[in-house]
Amino acid sequence: MDSRSTPVRLHLKKSEALEITWADGHESILPLRMLRRMCPCAGCQGERDLLGRQLLPVVKTSFDGPITALGAELVGNYALRIEWADHHQSGIYSFEYLRSLAGSHQ
Ligand SMILES: [Zn+2]
């Protein structure tokens, strides 16, 4: 596995950020607000129809209030599933995705 997308330490600060230390020594702090907005599930990113057109997400979440995570759990050894205070929990964040979010944020 690529050390750039292999976490050696994960720490969820439930009303702030997800801290990740990667196997290559890099540390990332991903604000929860950003993670929630970048939720990769179909409901948040919008489903595509048969022609590949982007459909608008059915549910629009307001991001004005505080963003809180209830918890997170590992999915296999490649991803993290985050459960949010609004009980949304279908987003599975692969470590590669998290690392790419970190890269675009720092
Ligand atoms: Zn989602």
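In each ligand, atom 1 is the first atom listed, and ligand 1 is the first ligand listed. If you read the sequence from its start, that first residue is 1, and numbering goes on from there.
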Original post:
How long is the gap from CG on Leu30 to CD1 on Ile20, to the nearest 0.5 Å?
Top reply: 5.0 Å
Subject >> Pairwise distance CG(Leu98) to CD1(Ile82) - rounded to 0.5 angstrom >> reply: 6.5 Å
Original post:
Should Asp2 and Arg99 count as an ion pair when the cut-off is N to O under 4.0 Å?
Top reply: no
Subject >> SB check Arg9 Glu27 (cutoff 4.0 Å) >> reply: no
**OP:** Consider only side-chain heavy atoms of I, L, V, M, F, W and Y, link residues closer than 4.5 Å, and tell whether Met34 and Leu10 are in one cluster.
**Re:** yes
Subject >> Listed protein N/O/S atoms, distance to the Zn ion (ligand 1) under 2.8 Å >> reply: Cys39 SG, Cys41 SG, Cys44 SG, His88 NE2
Subject >> Greater than 12 external heavy atoms within 6.0 Å of Glu96's CD >> reply: no
